[in-house]
Structures are given as C-alpha cells and as structure tokens.
Protein chains: 2
Amino acid sequence: MDRIAGKAHTNHYQKGEFLFRSQEKDDALYIVNRGKVRIYRLSDSGKEQLVRILNPGDFTGEWTLFNPDAVHEEYAEATRDTSVCMIQQHDVQEFLKEYPAISLKLLGEMSQRLESSERQTAQVAVESVITRLVLFLAENVEPEMGNSPTITLPMAKKDIASYLGTTPETISRKFGELEDEGLIQQLSGKRIKIQDLDDLLLYSE
Amino acid sequence: MDRIAGKAHTNHYQKGEFLFRSQEKDDALYIVNRGKVRIYRLSDSGKEQLVRILNPGDFTGEWTLFNPDAVHEEYAEATRDTSVCMIQQHDVQEFLKEYPAISLKLLGEMSQRLESSERQTAQVAVESVITRLVLFLAENVEPEMGNSPTITLPMAKKDIASYLGTTPETISRKFGELEDEGLIQQLSGKRIKIQDLDDLLLYSE
DNA sequence: CAAAAAAATTGACGCTCATCAAGAAAAGTC
DNA sequence: GACTTTTCTTGATGAGCGTCAATTTTTTTG
C-alpha cells in the first residue's frame, strides 16, 4: 500500500472540470478519493447518455489502461470539487504482477461492472420507460429499509433520464404517473417515499 | 499451458443445449473450442435480448467465476454442435496467482467487453434503429475490404433484431429502406453488398 | 427431394415516447 | 434576500416503431 501510494499522484478538480474527454489518449487509472464524477457518452447527434456516477472508492480508466492504443470513448466530468488518485499504467502493471491478489479483486470488480452494463443494455433494449424507472428505484433502495422505504435519488432527474435512455420530460411524467397511482410520494430534496416496494415492482405492466 | 490443460474438462453440446441457464449457480470458466454459443437475457415479460455470440476462442462465465455468491443472469445456448473447455474457479485462481501475466490479458479482454457493452447501451439508448443498424453493418465490415465491401451477416436477422433491441419486422423494413436508397444490396445467403461505406454511415439521419 | 419448421417479409394500426414551447420551481451565486 | 441559472413540470403534436396477422421465402430434416 505504501509503495502504491508512493507512485500515485493526487489531482484536484473543480466542479465542471474534466478528468478526461472522449478521444483523448492517456493510460492512467483514476480512483476517486472525494467528490463525484459523471461518466457519459455523446452520440454523433450530440445526445448524451450517462454511463455511471463515480463516488469515493470507485475507479475508471480501465479501457485505455489495458488497451495500449485505445483512446477514451467517454467523458469524465467532476460534478463537484473532487480529488482523484492517479496511477500510471506502468506502475499499475508492476503492482499487478507483484501482487496477483489485486488482479483478482480487480477482475471481480470488472465483472460486476460488465454484468451491470449488460443488464442495463437489456433493460434499455426491451423494457418500457416506466419499467426501467421502477427497476431503477428498486435498485436504489437501501437493503435494510423494509418494504416501505424512503430513498434519496442519487442524481438529478435529468441524469436519471439520461441514464435510462429517455428525456427529462418523460421522466417527469412517469414520476407523476407513479404518484397518481399512489405508489410513491415525491418529497422535497430528491427524496422519494415508496408506499410498498412489492406493489411498485408489480406495476411494470 | 500443459498444467492448465490437465485441469480442464472438455464438454460437448449439441445444437439447442445450454451451457448454463439464468439463475443457475456454478463457478466455471467456459472457453469455446469449436462451434457457436448465443448469450442472451430474458426480461420478466419474456422478451429476449441477445448479449453476444461466442465463437472459438471466446470465453464466458466471468460473472459467477469472480463473484462467489452470484448466479447466472444470462442463458448460454449452443447454436450448433459445440465443444467447450471448462475450468473450475479454484483452478483458475491458482493459475492467475501463479502467472500474473494471464490476469493482465484477462483484464484487457474484460475491459474490451465492458467498453463494447457500454457503447451498445449508449446506442440503444439514444440512436434510432436505422442508425444502430448502419453502425452494426459498419462494425462487421472486414477492415481490409476497401470502401465498397461485401459482408456476410454474422447472425440471423432475427438475432440482429434482438441484439439491436428491436423486432425482426422492423429490421426487415430497415434493410428494405437501405436497399431502396441504393446504399446496400441484399444478396443470397446472408450476404450484403455495401455500395459506399461512407455514404452508408452518412445516412443515419 | 419432398415435407416440415423456422425465418423473413409485408400491410394495417395504434401506442409509447420524443420534440418543441413556455412557465414554475429549485438551486446556486453575490 | 434578490438575482441568475439550472432543473423540473405540463401541454400539444406527431413520428417511430411495436404488435398482430397473413404470406412468402429459406433452411432444416428425414
């Protein structure tokens, strides 16, 4: 750990600054220390799709890290003041060769991300917006909260829209629909009261 | 290599047999030797989404392999007579600890798959069907074929539909549209003649 | 090669959801 | 607390695409 820390740089980013942009080339591993980072893609037509949000402890950069000639395909933007630990490819490879257990950990993390991404693809491909929204809410319920939990949305509704592959207008309407059905209540400050989680999950017609 | 081969089993599957099904639990790594395997997901409502096709040399099983308590979320079905090399988790971990270079190779492969999956999510989320189809065709052009290539579709059109998150009917119509525009010609036996690759890519209104 | 099964095509119809516009609410800033 | 900016909401409209149904074409099988 000490040896790793010795090789790592810590970088600070202000809200709105980018760790990297699409098409840029580098080969560092980025580990978020403090703050929040939005990872998103832009289509040719300029529409953005939110890929994921990095919180402290999360990392990114694996694409260019493990594929020497690759360039970034995503944008990584700090959405608040953020500090990030950077390790260069060369050093990462050293550590992985020296401590194979770290590779196993990394492989576990990567396979989780892959699973989650493939699930996301399948959902966007075949489920309706209301179903995707319900599943999104269910995924964001803290496990130990029982069947009638209150959750805090982990991102702005416009970001939920982007993440779910739809528009803010539609998300707004679908939240309204769920509220009209008595399945949720929208409280202040991104908080949502779920009346009955099972009922909510059943609603995905 | 010899040592790995010693621990590996080779299994044979007939067309239509499953290497594994969703919700099943196991912890093997599957490497395709010969044949072809369809990996797909089923939604609650029974719609299928094709995740990818495994050809000789490709592997799967990483999700349950690196996440001890996980169950499969996908179906792996042989679409022709197929032989598969299986290695148990325990043995995989041994090898990875002993030969760290293999881990790096695996991490490279996994990050490619992750990149590809995230690209796929973004496309399904924000692009129209015709755009997705055009991008799919472009991805399947052999690089060294110049600007007016003939390609062979790597799967049935119904599978393309499932992969792109749409229906066979719509795919059929979109192929027709591209043909009416003079951008492609549909030849016999899954072969497609592309008139001009650049024009085709520009068509994605 | 004929019969059966699977895949692909075509048409008609309607629903979900994107788009554009405009106003309200919330959050960030001095 | 007033001002600005961003986010959210609500309405009207229509395009894109899914669904259902029927036929044709291709592939598979004995």
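Below, each value reflects all heavy atoms present in this structure, side chains not excepted, and no hydrogens, waters or symmetry copies. Chain naming here is simple, since letters A, B, ... match the order of the sequence lines and numbering starts at 1 in each.
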Whole-Å distance separating the [atom1] atom of [X] from the [atom2] atom of [N]:
X      : N      : atom1 : atom2 : value
A:L133 : C:dC17 : CG    : C1'   : 14 Å
B:E179 : C:dT9  : CD    : C1'   : 12 Å
B:E177 : C:dG11 : CD    : C1'   : 16 Å
A:R132 : C:dT16 : CZ    : C1'   : 10 Å
A:L153 : C:dA27 : CG    : P     : 12 Å
B:I130 : D:dG18 : CD1   : P     : 12 Å
B:R80  : C:dA6  : CZ    : P     : 17 Å

Query raised in the report: Is the shortest distance from a Lys or Arg side-chain nitrogen in B:E181 or B:K174 to a carboxylate oxygen in the other one below 4.0 Å?
Result: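 No.
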Using 30° and 60° as the class boundaries, would you call the ring planes of A:F20 and A:H72 parallel, tilted or perpendicular?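 Taking A:H72 first and then A:F20, their aromatic rings lie parallel (interplane angle under 30°).
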- Query: Do any side-chain nitrogens or oxygens of A:T166 fall under 4.0 Å of OP1 or OP2 in C:dA18?
  - Reply: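 Yes, such a contact exists.
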For the pair [X] (side chain) and [Y] (backbone), establish whether a donor and an acceptor sit closer than 3.5 Å, ignoring hydrogens and angles.
X     : Y     : answer
B:S83 : B:N11 : no
B:T60 : B:Y30 : no
A:K25 : A:P68 : yes

Each nucleotide of nucleotides 4-10 of chain D classed B (base within 4.0 Å of a protein heavy atom), S (only sugar-phosphate) or -, in 5' to 3' order, makes ---SSBB
So which heavy atom on A:D44 is nearest to which on B:E127, and how close?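 Closest approach of A:D44 to B:E127: N-OE2, 4.1 Å.
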Worksheet item: Where each residue is assigned the nucleotide of DNA chain D containing its nearest heavy atom, which of B:K15 and B:K174 is assigned the position nearer the 5′ end?
Response: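 Its nearest nucleotide lies further toward 5', so the answer is B:K174.
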